[in-house]
Structures are given as C-alpha cells and as structure tokens.
Enquirer: 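Sending over a structure as structure tokens; questions will come in a sec.
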Amino acid sequence: MLNLFINSVFIENMVFAYFFGMCSYIAVSKSVKTAIGLGAAVTFVQLMTVPLNYLLNEYVLKDGALVEGVDLSFLSFILFIAVIAAFVQLVEMVVEKFSPSLYNQLGIFLPLIAVNCAIMGGSLFMQQMIGTEINNVGDSIVYGLGSGIGWWLAIVMMAAIREKIEYSHIPAAMKGPGIAFIITGLMGMAFMIFSGIQL
Amino acid sequence: MKLSKNFTNPLAANNPVIVQILGICSALAVTVKLEPALVMGLSVTFVTAFSNLVMSLLRNGVPSRIRIIVQLVVIATLVIVVDQFLRAFMYDVSKQLSVYVGLIITNCIVMGRVEAFALANKPWDSFVDGIANGLGYAFILVLVAFFRELFGSGTLFGFDVIARFGYENNSLMLFPPMALIIIGCIIWVHRTINKDLQEK
C-alpha cells in the first residue's frame, strides 16, 4: 500500500507522467495561494470519487455484477463522469456555504474541477489497475489520495517557480504558456529519477 | 464569408491548443507515434463536431442551471460511440490510446467550444466550428508526433525514414517531458510570427 502511495505521488505523477489536468495547471499556477486552494479541492474530490467509482465498478459495471451474464463496463465513462460532476457540484455548494472567501478566490475553476482530466483520469486508471495494484476499497482510497497529492505538489511547485520568474528576462514570445511548458518539461525530467523506486 | 472565417480561424491564428491552451492533457500523451496521434485527432474532431451540433439544437430547451450535466451526458455518449468503434475496427490503436479515449470527455476543447460557441449559434455554424477546432487540435498533435516519432524512433507511421542512415534513436524524445518542451517551442515559434499574441 505504501508502495502504491509513493508510486502515485512521485513516479506516476499525474502531471509529469501523464499530463493530466494540464489546463487548470497552466491557468491557475500564477500564484501559490490559489494553487494551494485548488490543489486541496482537487485532492479532496479525487479522494472521494476514486473509491466511489471503484465501488460502482465492482458492484454495478463489472461483468455479471448486477445481472448475471451482463457486462455493463461500456457504460463506465458516462457513470464515472456523472459521479464526478455530482460530487463537484456538492463540493461547490459546501465551499460556497462555509468558506465564501475560498469560493471567490477559485471562481470558475471550482466547477471546472468536474472536467479536470486528473479526476476522470484517476478513475479510469483505477479501473485499469484493478486486479494488479488495486484489489480492495482501501487500495483505491490510497490511490485516490496519492494521485491527488501528486497533482497538488506539482501545481504548488509550478506556481512557486512562476512567481520567481515573473520579472526575469524571457523572450517576449516565450512569456506565459511557452515558458510554463518548458519548465514543466524540465520538472518532469527531474521527476524521472524517482522511477524504479520500490518500497 | 463568415463560415469560412469560422473554419480557418481555429486552424492557425486562434488554435485551441497553442493559443487557448485547451486540451493539453491528451495532446501530449498520445504523441509518441504518428498513428495514434492522428486517430486521436480525428476522434476529437468527431466528438467536438457532433457535441456542438447536438447542444446547438438543444440550446433553447436546456435550462442554464443544468446545462453542464446535459453537456457531459451528450459528450460522454459520443465518446462511448468512438470508443466502441475503435475497439471494433482499430483494436491495436485503441490499446495504445488506453484511457485517453475516455479522457476526450474531459478534454477542455469539447466543453469549451460547446460553452463558448454552440450555446449561442445556429446548428450548422456550430458544426463547422466543431470540425475546425477538432482539426486545429489534430494538427498540433500530428506536428508534435512527427518530431517525436522521427527523432525518437527514426520512423514515420512505422516506416523507416532516417534510422537506415545510421541514426541513433534519441529515446529521450519518447519520454513525457519532451512532449512538453516541443509544445513550448511550437508556442514560441507561433508567437514570434503572430506578435499580437505576446504577453506584455
């Protein structure tokens, strides 16, 4: 389990190994404070939806799980996204009620968590890993938490670097997204050193 | 006139990937080889075009509070169609694309075009806009895949191109970080030509 956790945070980092959640990753990584807020929200949603979708997959979609001899797994895309969209809606309402300042800070990016590839990707990878790394609900919780934290780590690091380079002399055409991509690429290379670690 | 402008704009000057920075997730992961990149580009074109068409037809009947969930259902249905089609007719490519076919649902280009264009325009215009944005996305995918396959494996579409001249494969090109760096360079070139896009 610890191995799965380390694996999902560092080695198979959502951003650096699979490019998941790049849209909000590039758009929101301008200040560390917002990045921390969004990262926390994504981690929380990830932590809840991956186990939920695991249970859904085991008890509804799997071959013969609901009705004997019926394989519903082709419906997994639509069910997963429905769970995610409903859950994000819930989180949005809760945040709006209890922490209006965070709600205003995140603005449009809070509802957009629903279409953050990292969330959907987490669930789809979880589905693929059933039988190998993920064998019970506990594993799926660990994987959800790990992949969420991996994304959180990446966006906070990126925001910190982008705050630093705000006043650097960069070719005009590279400013903004251009340099952000190259920095992410270099960070991804740094993260490649974690590959092969086994605990 | 307006239609042709709608069609050409997303291909270059207002490209969804390198100008609007949408749909990056899948744009990078499937670009190790040209073939999956091309299939992915065409799949996204199909989904964008038809989700735009359907949402444009439904735009007056859907209350705005529940529109996101309606969009997701429409898009997810189209993606399931694409996924089943690929599994039936192009099994190898479908295996290579793995979860990224499912991730077309959360591709920001699809949602972005529905929100920004289809909800305010007529069905035919939206359909053309969907095709154009899909092709703009496919173009960048193929461009990145071209460099990665040529320098990473020495081949194009699996055919030996430069490997026969004693080219040593640069396997770094096959790793994820290089895709990001190539896209960064494409943005650099693009913004050097289109100066009005540069920041400050």
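Below, chain A is the first sequence line, B the second, and so on; all start at residue 1. Below, each value reflects all heavy atoms present in this structure, side chains not excepted, and no hydrogens, waters or symmetry copies.
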Enquirer: Is a side-chain donor-acceptor pair under 3.5 Å present for B:R148 with B:T31?
Expert: yes
Enquirer: How far does CD1 of B:I182 sit from CG of B:L143, to the nearest 0.5 angstrom?
Expert: 9.0 Å
Enquirer: Report which part of A:M192 has an atom under 4.5 Å of a heavy atom belonging to chain B: side chain, backbone, both, or neither.
Expert: side chain
Enquirer: Pick whichever of B:G184, B:P177, B:A179 has the most heavy-atom pairs under 4.5 Å with chain A.
Expert: B:P177
Enquirer: Does any heavy atom of chain B fall under 4.5 Å from the side chain of A:I26, the backbone, both, or neither of them?
Expert: side chain
Enquirer: Going by the angle between their ring planes, with limits at 30° and 60°, are B:F50 and B:F127 parallel, tilted or perpendicular?
Expert: perpendicular
Enquirer: Check each atom of B:I193 against the heavy atoms of chain A and say whether the ones under 4.5 Å are side chain, backbone, both or neither.
Expert: neither
Enquirer: Is B:D83 close to chain A through its backbone or its side chain, or both, or neither, when contacts mean heavy atoms under 4.5 Å?
Expert: side chain
Enquirer: Between B:N52 and B:S126, is there a side-chain donor-acceptor contact under 3.5 Å, judged purely by atom types and distance?
Expert: no
Enquirer: Does any heavy atom of chain A fall under 4.5 Å from the side chain of B:I69, the backbone, both, or neither of them?
Expert: side chain
Enquirer: When the ring planes of B:Y100 and A:F125 are compared, do they come out parallel, tilted or perpendicular, using 30° and 60° as the limits?
Expert: perpendicular
Enquirer: Under 3.5 Å, is there a donor-acceptor pair linking the side chains of B:Q96 and B:E35?
Expert: no
Enquirer: Measuring heavy-atom distances to chain B, does A:F77 have an atom under 4.5 Å in its side chain, in its backbone, in both, or in neither?
Expert: both
